[in-house]
Asker: 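Got a structure here, written out as structure tokens. Questions coming.
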Amino acid sequence: MVGQTTGFDLFTLFILAILTAVVALGARVGLRTLWVIVVAKLLAIGAVIVIGALHFDQRNLAAIPVPAVPAGKAEEALHSPLLGLLLGQTGTFGWFGIFAASAAITFAYIGFDVVATAAEESEDAPRSIPKGIIRGLVLTTVIYIAVAVIMVGMTPYDKIAADAPLASAFREAGEGFMVHVINIGAVLGLTTVVLVLLVGTDPRCCSPWRATG
């Protein structure tokens, strides 16, 4: 009932109910709550970067083949018959792994478009909305790159498990407690996505008919 990967999950229902109640109190309350969760999420990411940097070893980066497209692994953690046919390989690494991972990372950027639907709640929307989206994209990309460099810098890339790479890297580095921090950060990250989507669907904040209704 709690923490299941499939089927009904009571904890997920609880989070959704709480976030729906927050948005029902008003868009501004939802946005303030979003700020609090985002700050907590950034603290978790900061802990990942700082603790990982303490175990950073330049030799792990030097061991990565150049160009940085190591040959595919034996296991097929990322399986796509179409990509395998086009690229002539399957597995976690190689060009197949890059394209397969790119498709997954795309979903991590869902939410930036919702900012535009809440433009009525912002000041000087024609300027602030584009600036906010672009700055958010740049900051997110920098964080992604920083975490990736730290991850492969503290643990050899071929020892990182494909199913939970970040947690696996910290286990290999002897920092098992960081797995809990990562899990909390992941829950907070998914929570912010749900909250942003709920704020974007709130008719009181984003309805084009609000002004005339």
Side-chain angles (χ1 to χ4, degrees), residues 31 33-73 77-78 91-116 128-197:
L31 292 175
T33 304
L34 180 62
W35 266 105
V36 173
I37 300 176
V38 167
V39 169
K41 179 176 64 175
L42 290 177
L43 288 176
I45 296 174
V48 167
I49 295 176
V50 172
I51 300 299
L54 297 177
H55 297 273
F56 191 88
D57 189 343
Q58 182 68 30
R59 292 173 296 180
N60 292 330
L61 293 182
I64 299 177
V66 179
V69 188
K73 272 187 172 181
L78 298 171
T92 305
F93 297 125
W95 286 108
F96 174 86
I98 291 176
F99 280 94
S102 298
I105 292 175
T106 300
F107 290 99
Y109 286 88
I110 292 178
F112 289 97
D113 55 321
V114 180
V115 176
S128 59
I129 293 298
K131 287 183 178 180
I133 292 177
I134 293 173
R135 289 171 181 172
L137 285 170
V138 171
L139 179 60
T140 302
T141 302
V142 170
I143 291 176
Y144 268 117
I145 295 174
V147 171
V149 171
I150 289 294
M151 181 174 64
V152 296
M154 67 177 179
T155 303
Y157 76 91
D158 55 353
K159 292 184 179 180
I160 299 176
D163 54 348
L166 196 55
S168 173
F170 276 98
R171 287 195 187 97
E172 290 287 338
E175 299 287 357
F177 78 96
M178 283 299 297
V179 174
H180 302 294
V181 176
I182 294 169
N183 290 335
I184 293 173
V187 171
L188 292 175
L190 293 173
T191 301
T192 56
V193 172
V194 174
L195 183 55
V196 166
L197 294 176

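The figures that follow rest on heavy atoms only: side chains count, while hydrogens, waters and symmetry mates do not.
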Asker: Could you tell me whether the side chain of K131 reaches within less than 4.5 Å of the side chain of S128, counting heavy atoms only?
Answerer: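 Side-chain contact under 4.5 Å: no.
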Asker: Quick check: closest heavy atoms across L166 and V147, and the distance to 0.1 Å?
Answerer: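 Heavy atoms only, the tightest pair is CD1-CG1, 3.9 Å.
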Asker: Just verifying a value: how many Å separate R171 CZ and S168 OG, rounded to the nearest 0.5 Å?
Answerer: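 Answer for the CZ-OG pair, R171 versus S168, is 7.0 Å.
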Asker: To the nearest 0.5 Å, how far apart are CD1 in I150 and CD1 in I49?
Answerer: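 The CD1 atom of I49 is 7.0 Å from CD1 of I150, to the nearest 0.5 Å.
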Asker: Please find the pair of heavy atoms, one from D57 and one from R59, that lie closest to each other, and give the distance.
Answerer: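 Taking D57 first and R59 second, the nearest heavy atoms are OD2-NH2, 2.8 Å.
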Asker: Say you draw a straight line from CD of E172 to CE of M151; how long is it, rounded to the nearest 0.5 Å?
Answerer: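 It comes to 12.5 Å.
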Asker: From M154 CE over to N60 CG, what is the distance, rounded to the nearest 0.5 angstrom?
Answerer: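 Spacing of CE (M154) from CG (N60) equals 10.0 Å.
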Asker: Please name the pair of heavy atoms, one in L188 and one in A40, separated by the smallest distance, quoted to 0.1 Å.
Answerer: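 Minimum heavy-atom contact is CD1-CB, 3.8 Å.
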Asker: Does some side-chain heavy atom of I143 sit less than 4.5 Å from a side-chain heavy atom of L42?
Answerer: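 Touching, per the 4.5 Å side-chain cut-off.
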Asker: Between OG1 of T140 and CD1 of I45, what distance do you get to the nearest 0.5 Å?
Answerer: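 The CD1 atom of I45 is 8.5 Å from OG1 of T140, to the nearest 0.5 Å.
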Asker: If I compare all heavy atoms of A44 with all of G185, which pair ends up nearest, and what's the gap?
Answerer: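 Residues A44 and G185, closest heavy atoms: CB-CA, 4.0 Å.
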Asker: Without swapping roles, check the side chain of T155 against the backbone of V152 for a donor-acceptor pair under 3.5 Å.
Answerer: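 Between the backbone of V152 and the side chain of T155 there is no qualifying donor-acceptor contact (under 3.5 Å).
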Asker: Return the CG to CZ distance between L139 and R135, rounded to the nearest 0.5 Å.
Answerer: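 One finds 11.5 Å between CG of L139 and CZ of R135.
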Asker: Decide yes or no for V181 and F170: does some side-chain heavy atom of the first lie under 4.5 Å from some side-chain heavy atom of the second?
Answerer: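 No; the side chains remain at least 4.5 Å from each other.
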